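Residue numbers begin at 1 in each chain, while the letters A, B, ... track the order of the sequences. The model shown is predicted, which means the values in this text are computed figures rather than measured ones.
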Amino acid sequence: MATFKPKFLKPETDDAIADAGGGQEPQSSAFVFNANHNLGLVEQRERLPIRKYRDQILYCLEHHQVVILVGETGSGKSTQVPQYLYEWGWHSKGMIGITEPRRVSTVTLANRVAQERGELVGDTVGYVVRFLERISSETQIKFMTEGILLRELLADPLLTQYGVIIVDEAHERNMLTDMVLGLLKKILRKRSNLKLIISSATIDASFFSEFFSWPGADSDHPLSVKLSIEGRMHAVSHFYLNEPCADYVRETVETVWKLHQKESLGDILAFLTGQEEVLEALDLLREYIAGAEMTNLKVLPMYGSMTSSDQLAVFFTPPKGVRKVVLATNIAETSITIPGIVYVIDCGYVKVKWYNPATCSDSLVVVPVSKASAVQRAGRAGRVRPGKVYRLYTKQDYDALAPRQPPEMRRSEMSGAVLQLKALGIGNILRFDFPSPPPAKNLLSALETLYALDAIDEQGQLTRPVGFLLAELPFSAMLSKMLYVSGQMGCAEEIITIIAMLQVQSVFSRPASAAAQQSGRIAHRHFEVAEGDLITLLNIYSAFVEEGMTKEFCGQYYLIYRNLKRACELREQLLTLARKKYGIAIFSCKGDVEMLCKCITAGFFTQVAYLHHSGVYRQISSGTELAIHPNSTLYTLPQAQYVVYSELLQTTKLFMNHVTVIKKEWLTELAPHYYQQTTVRD
DNA sequence: GAGCACTGC
């Protein structure tokens, strides 16, 4: 095999991705590895492992309504199966729709398939992701994100345009994947001519085939069939510790060190759970390197809140004779593929968010990885040549790992999902056939929230206009309510900006060096105001626009350009949506900050804390002690009497995030129904 | 003076 060099995508692909995400910057995940890049496209297609299963796949689809394709990465199923179906004429029965969990892979796959067919994307092969679509009346193979399919369901509940739906990467079990699968099950019972292909990892195949079966089905002709496809991964040898280790950050560093001394050249990828651990390991390893005056080892961090230009560093091939070590969070498990990796170090832990309906908060906890994750991490070593994985736990610990992480649906706040299902006519949410039903408490807590927001009535029916509006808006129920009220108050322009800023990943960059972190903090103060974090975000956005939306501005103030750009796009879309589709009047409050804070209160009145005389905040509804998150603007300011927050996060304490100062009398003014109830209860 | 993994309409 030829020596690997990272390759950019074709020019038109780059454009598409730049449009989708980060302006002129190439997105980190836009890099693809293609070992056969010097072969013609036809030969490449013929060489893919999946080629010899083509007839089998087509046969299975003729005879079963659901086909579960079990295959490792690298089999080519995402690009080839849609083409096999098309070449066999399946498109005559309706479009071939393929859902993907991520935007970038949706665009990349569509471009790749169009290219293999010698066409431009947008003809036979098209794609739709939020903000961006390339489809025409000719389009028969349509790639889309899961969220898009869900939106289409609102307009066409039986998906009558489609003959086949392929749900790719279903094993990831995102919230939206599970929503789509649950709804597709309903549709399949009503439309026997609709076919479904699920692409899954080995351990989930039986789960899916059990889910897609129902009583009364003919046992000679089961509804679903499993089909396994070999991948094209190299062998990966596994190494375990003999004894459990006490400190996996230190162990990671020592493993890198030993490995570097005794193993042949090849890059190393180490998985840790968070930014803090990555930076700690980075420091330690650099000390080792400095101490030994080593010159042939290059260490790089990789986590979500680095700027794109810093992230890009991990994609370059190191100079000859130098080994690259990437210390990464879970971002390297699915979202990005780092080229050249031969050795993987897996610390055995992962950070997960877990919703707690009792306090309506998320907990952020470090837990042992699942077997599925451990396998996925190990697989990152086998993409170039046979690799090695060093697991920083014992074989016994590995054997005892849970087969997989509970799906997102079982550990998330549900109000958005409940609204969507209600809008699709699912009356009794508690009886909806979810692939993995969420805890009843989570559903009940969501119903309570929606009732408080006046989105559903006592019978659980969507209200008009509020409920239907909230169901259609593409963000959380509380933000939607805030937008609705802003139209009436006359401050929708600013509120839309705030919503856009809350929807994107943090705009505050977190550099790796301590000195830069300090400068960042000081730079961020520039935008801070006493009213709190939401108004601060509004200031940042306004300054970004005023200064010409440049990367230089972001660099100067330690802001993440790609996230601000995305906020900008979101804002544009929301403005159009709000004005044209929902008839929300777009006015500016012209600097009336109090109006904005009232409007924020109208959305978040269920999430209020008051300052107890003991000097700590308490949740108004339950009396639970809360603290202001150290990342909040209000952390260093004198404590206000009443605040609303948009998020509660349990780590060492129960922290309020995105906090806004309010006045007590606004609560009874804006939410009299709710505040009478709670005062009685108290 | 504590610390946010990741994705999506």
Is the phosphate of [N], meaning OP1 or OP2, less than 4.0 Å from a side-chain N or O of [X]?
X        : N     : value
A:Thr329 : B:dC4 : no
A:Arg103 : B:dC6 : no
A:Gln275 : B:dG3 : no
A:Thr145 : B:dC9 : yes
A:His629 : B:dC4 : yes

- Item | Parallel, tilted or perpendicular, as decided by the 30° and 60° cut-offs, for the rings of A:Phe527 and A:Tyr557 |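 Because their plane-to-plane angle is over 60°, the rings of A:Tyr557 and A:Phe527 count as perpendicular.
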State which of [options] makes the closest approach to the side chain of [X].
X        : options             : value
A:Asn330 : B:dC4, B:dA2, B:dA5 : B:dA5
A:Pro630 : B:dC9, B:dA2, B:dC4 : B:dA2
A:Leu649 : B:dG1, B:dA5, B:dC4 : B:dC4
A:Thr652 : B:dG1, B:dG8, B:dG3 : B:dG3
A:Tyr635 : B:dC9, B:dA2, B:dG1 : B:dG1
A:Lys351 : B:dC9, B:dA2, B:dC4 : B:dC4
A:Gln505 : B:dT7, B:dG3, B:dC9 : B:dT7

- Query: Do side-chain atoms of A:Asp362 reach the backbone of A:Lys353 as a donor and acceptor pair under 3.5 angstrom?
  - Reply: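 Not confirmed, A:Asp362 side chain does not pair with A:Lys353 backbone.
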- Please check if the side chain of A:Arg380 supplies one atom and the backbone of A:Glu333 the other of a donor-acceptor pair under 3.5 Å.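 Yes, A:Arg380 side chain to A:Glu333 backbone: donor-acceptor pair under 3.5 Å.
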- Message: Does A:Lys371 qualify as a cation-pi partner of A:Tyr398, given the criterion of NZ or CZ under 6.0 Å from the six-membered ring centre and within 45 degrees of its axis?
- Response: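 Cation-pi check for A:Lys371 and A:Tyr398: passes.
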Atom [atom1] of [X] and atom [atom2] of [N]: how far apart are they, to the nearest Å?
X        : N     : atom1 : atom2 : result
A:Asp178 : B:dG8 : CG    : P     : 17 Å
A:His658 : B:dC4 : NE2   : P     : 12 Å
A:Tyr617 : B:dA2 : OH    : P     : 17 Å
A:Lys353 : B:dG3 : NZ    : C1'   : 14 Å
A:Phe475 : B:dT7 : CZ    : P     : 20 Å
A:Asn174 : B:dC6 : CG    : P     : 14 Å
A:Asn631 : B:dG3 : CG    : P     : 9 Å
A:Leu176 : B:dC6 : CG    : P     : 18 Å

- What are the residues of residues 148-159 of chain A, sorted by number, that bring a heavy atom to within less than 4.0 Å of DNA chain B?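 By residue number: A:Ile148, A:Arg151.
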- Message: Any non-hydrogen side-chain atom of A:Leu443 less than 4.5 Å from a side-chain atom of A:Val418?
- Response: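 A:Leu443 reaches A:Val418 side chain to side chain.
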- Query: Quick one: does A:Arg134's side chain get under 4.5 Å of A:Tyr127's, heavy atoms only?
  - Reply: yes
Please classify the nucleic acid contact of [X] as base, sugar-phosphate, or nothing, using heavy-atom distances under 4.0 Å.
X        : value
A:Asn657 : base
A:Glu280 : nothing
A:Ser506 : nothing
A:Leu473 : nothing

- Query: side chain to side chain donor-acceptor pair (under 3.5 Å) between A:Arg571 and A:Thr497: does it pass, once the steps are laid out?
  - Reply: CA-CA 6 Å; A:Arg571 185 172 178 279; A:Thr497 307; 2.7 Å; yes
- Does OH belonging to A:Tyr349 count more than 12 external heavy atoms closer than 6.0 Å?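 Check fails, neighbour count at 12 or below.
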- Nearest-nucleotide wise, let me know which of A:Leu364 and A:Pro474 is further upstream toward the 5' end of DNA chain B. A:Leu364
- Counting only distance, no hydrogens or angles, is the base of B:dC6 paired donor-acceptor with the side chain of A:Glu408 under 3.5 Å?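 No.
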- Message: Under a 3.5 Å cutoff, is there a donor and acceptor pairing between the side chains of A:Asp156 and A:Thr160?
- Response: yes
